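So the structure is just underneath, and the comments pick up after that.
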Amino acid sequence: MKKLYVVGNRSSKSLSPMIFNYWFKKYNINAKYSYIQPTTKNFHNKIKEVLEKKDTLGLNITIPFKKRIIKYLNKLDVHAKKIGAVNCVTNKKSITGTNTDWTGYYKTLPKINKPQNKKIIILGYGGASHAIHYVLKKKGFKEILIFNRTKIKIKYSIKNKYTKTFKDLQKHLSGAFLIINTTPINPILKKHLTLVDKSTIISDIVYSPKDTIFLKQFPKNKKIYGISMLIEQAKPCFKIWFGKNPSVDEKMLNAINKKI
Ligand code: ATR
């Protein structure tokens, strides 16, 4: 029986096992998907151990290991290389890292006209955020402002451009077309909430609870819930591991909605 795992520091709470095990049953696949929850300290040993097991077919990587996993891989797909982060690992003849977060996020966006004129705010700049930045750039958005707790050099930009700090956020909120939270916290202060336009689309990549502490502050705005990205990034992983496109049926969505 093939084994697959989601690896992250809060992976026991992940819905990935539920999604993949549902598909295994539906498509009659002899595999089992569970989780590994390493600490920063034991990550090295845990990853080595699981990748050495013959029955390990694949891993999904989540916070805070999407960048750290790269040194354990033999190959990276072209997008993972450019993004600098991996959310999907395949352990076959060689150990390959793929990034499906970027297409996963794109599929959750509505059709957007004139992207070059629209301001996007990204909160946080970890692995998933790198992938979202990558796809937004690819799709023609020019004005993308990135805020992060720690100062980090921004990829795909002019030399020496760095993320802005959350302290500067209030000056930029007005006029945003889309605000995406990629952190596990809520980076917008209560007193600054009125600066966000009612027409701004609000997105969070955390999927549980569905209305996260970040999302629920915007009752009147259009929202993109984190669960759609989770599902959309999972589909191509299944295709890579088992060679077929899985479908998301009503029963699966109901089961997911009960959990979030
Ligand atoms: P990964 O690469 O797996 O996505 P990560 O690099 O830890 O994981 O990314 C998580 C994102 O959430 C980062 O932007 C991180 O900010 P830092 O670069 O400053 O670490 C952000 N984040 C995590 N915990 C946070 C917290 N308590 N407050 C603010 N930002 C946080």
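Fair warning: this is a prediction, and the values are worked out from it, not measured in the lab. Both ligands and their constituent atoms are indexed starting at 1 by order of listing.
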Looking at [X], which atoms of ligand 1 are within less than 4.0 Å of one of its heavy atoms?
| X | result |
| --- | --- |
| T62 | 3 (O) |
| A128 | 4 (O) |
| Y125 | 14 (O) |
| I152 | 18 (O) |
| G124 | 14 (O) |

From [X] [atom1] over to [Y] [atom2], what is the distance, rounded to the nearest 0.5 angstrom?
| X | Y | atom1 | atom2 | value |
| --- | --- | --- | --- | --- |
| K235 | W23 | NZ | CH2 | 7.0 Å |
| L4 | I36 | CG | CD1 | 10.5 Å |
| H79 | D101 | NE2 | CG | 13.0 Å |
| K153 | Y125 | NZ | OH | 11.0 Å |

Quick one: nearest non-hydrogen protein atom to [atom], plus distance?
| atom | result |
| --- | --- |
| atom 7 (O) of ligand 1 | P64 CB, 3.3 Å |
| atom 19 (O) of ligand 1 | T150 OG1, 2.4 Å |
| atom 1 (P) of ligand 1 | G127 N, 3.4 Å |
| atom 13 (C) of ligand 1 | G126 N, 3.7 Å |

Original post:
Is it the side chain (CB and beyond), the backbone, both or neither of I185 that lies under 4.0 Å from ligand 1, heavy atoms counted?
Top reply: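 Side chain only; the backbone of I185 stays clear of ligand 1.
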
Original post:
Considering only heavy atoms, does N148 approach ligand 1 within less than 4.0 Å through its side chain, its backbone, both, or neither?
Top reply: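 The side chain, only.
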
Original post:
Looking at ligand 1, does S129 have a heavy atom less than 4.0 Å from it?
Top reply: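 Judged by the 4.0 Å heavy-atom criterion, S129 does not count as contacting ligand 1.
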
**OP:** Using the side chain to side chain donor-acceptor pair (under 3.5 Å) rule, pick out the option among D204, N181, N186 that qualifies with T212.
**Re:**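 For T212, the side chain to side chain donor-acceptor pair (under 3.5 Å) test succeeds with only one of D204, N181, N186, which is D204.
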
Subject >> Partner of V7 under side chain to side chain contact (heavy atoms under 4.5 Å, CB included), chosen from I61, N60, T62 >> reply: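 One option only clears the test, and that one is I61.
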
Original post:
F166 to ligand 1: N or O pair under 3.5 Å?
Top reply: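 For ligand 1, there is no N or O atom that lies under 3.5 Å from one belonging to F166.
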
**OP:** Fit a plane to each ring of Y33 and F20, take the angle between them on a 0 to 90° scale, and name the class: parallel (under 30°), tilted (30 to 60°) or perpendicular (over 60°).
**Re:**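 Ring orientation of Y33 relative to F20: parallel.
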
**OP:** Please test Y27 against F242 for ring-ring contact (aromatic ring centres under 6.0 Å, His included), starting from the C-alpha separation and ending with a verdict.
**Re:** CA-CA 10 Å; Y27 297 112; F242 300 102; 9.5 Å; no

